[in-house]
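Note that the structure is a prediction, hence the values are computed from the model and not measured. Counting convention: from 1, in listed order, for ligands and their atoms alike. Position 1 is the first residue of the sequence, and the numbers go up from there.
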Amino acid sequence: MREILHFINGEPTAGDNAERGAVFNPTTGEQQAEVVIGTTGDVDAAVAAAKAALPGWSGTTPLRRARILFKYKALLDEHRDEMARLIASEHGKVFSDAQGEVTRGIEVVEFACGMPHLQKGEHSMNVGTGVDSYSMYQPVGVCAGITPFNFPAMVPMWMYPIALATGNTFVLKPADKDPSAANLMARLLKEAGLPDGVFNVVHGRAEAVNHLITHADVSAVSFVGSTPIAKHIYETASAAEKRVQALGGAKNHLVVMPDADIDGAADALMGAAYGSAGERCMAISVAVPVGQETAEKLRAALVERLENLQVGPSLVDGKDNDMGPLVSAEHRDKVANYVGIGAEEAELVVDGREKDFSAHPDGYFIGGSLIDHTKPGMRVYDEEIFGPVLCISRTESLDEAIDLINANQFANGTSIFTESGHAGRTFAERIEVGMVGVNVPIPVPMAFHSFGGWKRSLFGPLHVHGADGVRFYTRLKTVTARWPEDQVSQDNAFVMPTH
Ligand code: NAD
């Protein structure tokens, strides 16, 4: 059985635990590897390595650090398909989607390559007579990243390229369901010339996480995962005096206005709701048609398209399927259970449980489902299902659609499809959600902007990557300096200096 080890101080290591977790192939249901489950001792070893590497790395010039990232970016390009295959085989998303994930991660590395410019401080001459003031953005220290199963390459890459480029060292605790991408990233960073100990990977679960986020030598914690765990991480790590950004779950709505191109909106919804089997934090899980006529047309267009949704293995010869299996048998069963709840609470229009997967009897498959007439108070509407299930919540006006979305506990992403500039602008201004699309179904910001939701989709003030990412991984220091030619009188030292 292939073993997936930790990566500490530049070397793969089994650490000090005999416990192993199973890594499955979701298409076949077969176990394909086992991953070491980290202990507090393994976390201690990784943090110690990161701490030891910190003076050297933070003292390396930003330009030299960026040059290593340039090499790393080239290596990622070379190994993009290898990484995408690993992701597809462990996560279950289709190969082309996995390639897209790696590319979006590489874009953050490209952004981080510009860090010598991005990390510059400000300078003011003569803030007082003969007094200058300047600021610097210094690394915060050892940073920790805890990441979810659904983007095993891209989500870690939201974090560590910026942390490393700004002079920090890093310990990553990836999800244990699809851990191989993390090790490939560690190997390529080493190959690019990153000194040992600057980037470490500890596999594991809650025990490793809870030790890492409260460790005395860790300064900052970035987390991405479900809302209950994000809240736990935010509260626990903040109480332990770390700076924290904890991104949580989502329930993303897409409003379809009566003037929208219904076929275009339905096409967009298919990819946004069912792509990656709905296991995306930016997946659209609620379609919000405005007006009954819009709702009927949209529903018919979605039903027609669902009949042709290609669901099958994540790795195939030839053209990819639209959607692969879910990540695990438990998760597939959880999603199937929600579909059953939807049938009781609302109107189940298309039942993904009925799709025939006899060609892959042990894979974790389920077809796409559509549930109409959902509303707040129903479990299928209120809870994050994180699977290929699209709800339709009908409204009568843009105001009602905005109120519906603003009342939701989650506020990660949302979108509106309309031909009206006024409706689009009103929506963008009034909606209380972190990322907004206008005729764009999944409005994921580019690496040089910042990604993050509001409300219970993000705990903490700073989003990931872009300018917020640079702020998160740096501490501001402001120096006020006077270099007098002669001795200066300090006569008024007891009063506030004014001009
Ligand atoms: P999860 O919360 O179960 O796990 C995330 C990480 O937390 C993993 O590394 C896991 O090992 C660790 N963890 C799990 N339970 C823990 C505990 N009790 N104590 C400490 N650590 C624990 O999430 P998941 O199932 O891997 O990922 C899916 C979730 O992530 C969805 O809710 C999705 O919306 C969310 N997500 C959000 C974003 C975003 O940007 N907001 C992006 C991707 C995924």
Side-chain angles (χ1 to χ4, degrees), residues 21 23 35-38 40 43 90-93 101 104-105 108 144-159 171-179 181-182 201-215 221-237 240 244-252 276-285 326-328 330-332 334-335 383-387 408-414 433-435 442-445 450-460 462-466 468-469:
V23 178
V35 59
V36 290
I37 298 299
T40 56
V43 170
E90 292 181 358
H91 173 283
K93 64 179 71 176
E101 161 178 0
R104 292 306 297 259
V108 184
I146 297 115
T147 52
F149 79 83
N150 69 321
F151 285 109
M154 182 184 77
V155 168
M157 284 199 266
W158 284 352
M159 304 170 179
V171 178
L172 172 67
K173 204 305 285 172
D176 62 319
K177 294 189 186 85
D178 45 13
V201 178
V202 176
H203 296 288
R205 298 177 181 145
E207 182 191 351
V209 172
N210 291 328
H211 191 55
L212 183 60
I213 64 173
T214 51
H215 198 292
V221 174
S222 300
F223 172 88
V224 176
S226 59
T227 288
I229 310 297
K231 186 166 157 44
H232 158 70
I233 300 283
Y234 183 71
E235 290 174 351
T236 310
V244 193
Q245 52 182 185
L247 285 72
K251 195 84 181 177
N252 305 312
S276 197
E279 292 170 321
R280 289 179 179 145
C281 64
M282 288 293 276
I284 296 293
S285 45
L326 295 190
V327 70
S328 66
E330 299 74 48
H331 190 53
R332 188 261 325 271
K334 185 177 153 197
V335 171
E383 298 172 18
E384 182 184 38
I385 299 173
F386 217 56
N408 202 277
Q409 60 167 323
F410 299 112
N412 211 38
T414 189
V433 174
M435 293 171 281
I442 305 189
V444 174
S450 297
F451 179 109
W454 288 10
K455 297 183 185 169
R456 305 192 78 231
S457 292
L458 168 62
F459 301 96
L462 290 171
H463 294 201
V464 293
H465 62 67
D468 269 17

Enquirer: Restricting to non-hydrogen atoms, name the atom on Met157 and the atom on Val108 that form the minimum distance, rounded to 0.1 Å.
Expert: O-CG1, 3.0 Å
Enquirer: Considering only heavy atoms of Asn210, which atoms of ligand 1 have at least one such atom less than 4.0 Å away?
Expert: 19 (N), 20 (C)
Enquirer: If the cut-off is 4.0 Å to any non-hydrogen atom of Lys173, which atoms of ligand 1 fall inside it?
Expert: 8 (C), 9 (O), 10 (C), 11 (O)
Enquirer: Quick one: which ligand 1 atoms are inside 4.0 Å of a heavy atom on Val209?
Expert: 20 (C), 21 (N)
Enquirer: Below 4.0 Å, non-hydrogen atoms only: which portion of Lys177 touches ligand 1? Side chain, backbone, both or neither.
Expert: neither
Enquirer: With rounding to the nearest 0.5 angstrom, report the CG to CG distance, Asn412 to Leu247.
Expert: 7.0 Å
Enquirer: What part of Thr147, side chain, backbone, both or neither, has a heavy atom within less than 4.0 angstrom of ligand 1?
Expert: backbone
Enquirer: Is there side-chain contact between Phe459 and Thr227, with at least one heavy-atom pair below 4.5 Å?
Expert: yes
Enquirer: Where the side chain of Lys93 meets the backbone of Phe151, is there a donor-acceptor pair that is under 3.5 Å apart?
Expert: no
Enquirer: Which atoms of ligand 1 are found less than 4.0 Å from any heavy atom of Ile146?
Expert: 6 (C), 7 (O), 9 (O)
Enquirer: If you have a sec, work out which protein heavy atom is nearest atom 13 (N) of ligand 1 and how many Å separate them, to one decimal?
Expert: Ile229 CG2, 4.0 Å
Enquirer: For ligand 1, which atoms sit closer than 4.0 Å to a heavy atom of Glu384?
Expert: 31 (C), 32 (O), 33 (C), 34 (O)
Enquirer: Quick one: nearest non-hydrogen protein atom to atom 28 (C) of ligand 1, plus distance?
Expert: Phe386 CE2, 3.6 Å
Enquirer: Quick check for you: to the nearest 0.5 Å, what is the distance between Gln245 atom CD and Leu458 atom CG?
Expert: 7.5 Å
Enquirer: Considering both backbone and side-chain atoms of Ala206, is one of its nitrogen or oxygen atoms within less than 3.5 Å of a nitrogen or oxygen in ligand 1?
Expert: no
Enquirer: Determine the sole option in Val43, Leu172, Val36, Val209 for which the side chain to side chain contact (heavy atoms under 4.5 Å, CB included) test with Val202 is passed.
Expert: Val43
Enquirer: Could you name the option among Cys281, Gly225, Pro148, Gly145 that has the heavy atom nearest to atom 35 (C) of ligand 1?
Expert: Gly225
Enquirer: Can you name the atoms of ligand 1, numbered from 1 with element, that are less than 4.0 Å from a heavy atom of Asn150?
Expert: 43 (C), 44 (C)
Enquirer: For a quick test of reading the model, state the closest non-hydrogen atom pair linking Ala250 to Ser457 and the distance between them.
Expert: CA-OG, 4.2 Å
Enquirer: Please state which option from Ser457, Gly452, Gly248 has its nearest heavy atom closest to atom 41 (N) of ligand 1.
Expert: Gly248
Enquirer: On a heavy-atom basis, I'd like to know which of Phe223, Phe151, Phe149 is closest to atom 5 (C) of ligand 1.
Expert: Phe223
Enquirer: Roughly how far, to the nearest 0.5 Å, is the CD atom of Glu384 from the CZ atom of Arg456?
Expert: 11.5 Å
Enquirer: Is any side-chain heavy atom of Val433 closer than 4.5 Å to one of Lys455?
Expert: no
Enquirer: I'd like to check whether Arg205 has a polar contact with ligand 1, where a contact means an N/O of the residue lying under 3.5 Å from an N/O of the ligand.
Expert: no
Enquirer: Taking the six-membered ring for Trp, are Trp158 and His465 parallel (under 30°), tilted (30 to 60°) or perpendicular (over 60°)?
Expert: perpendicular
Enquirer: Measuring only between side-chain heavy atoms, which start at C-beta, is Phe149 closer than 4.5 Å to Glu279?
Expert: yes
Enquirer: Which residue holds the protein heavy atom closest to atom 3 (O) of ligand 1, what is that atom called, and what is the gap in Å?
Expert: Ser226 OG, 4.0 Å
Enquirer: Who's the nearest protein heavy-atom neighbour of atom 40 (O) of ligand 1, and how far?
Expert: Phe451 CE2, 3.0 Å
Enquirer: Within a reach of under 6.0 Å around NZ of Lys231, are more than 12 heavy atoms found that belong to other residues, nucleotides or ligands?
Expert: no
Enquirer: At a non-hydrogen distance cut-off of under 4.0 Å, which region of Asn412 contacts ligand 1 (side chain, backbone, both, or neither)?
Expert: side chain
Enquirer: Closer than 4.0 angstrom: is that true for some heavy atom of Trp158 and an atom of ligand 1?
Expert: yes
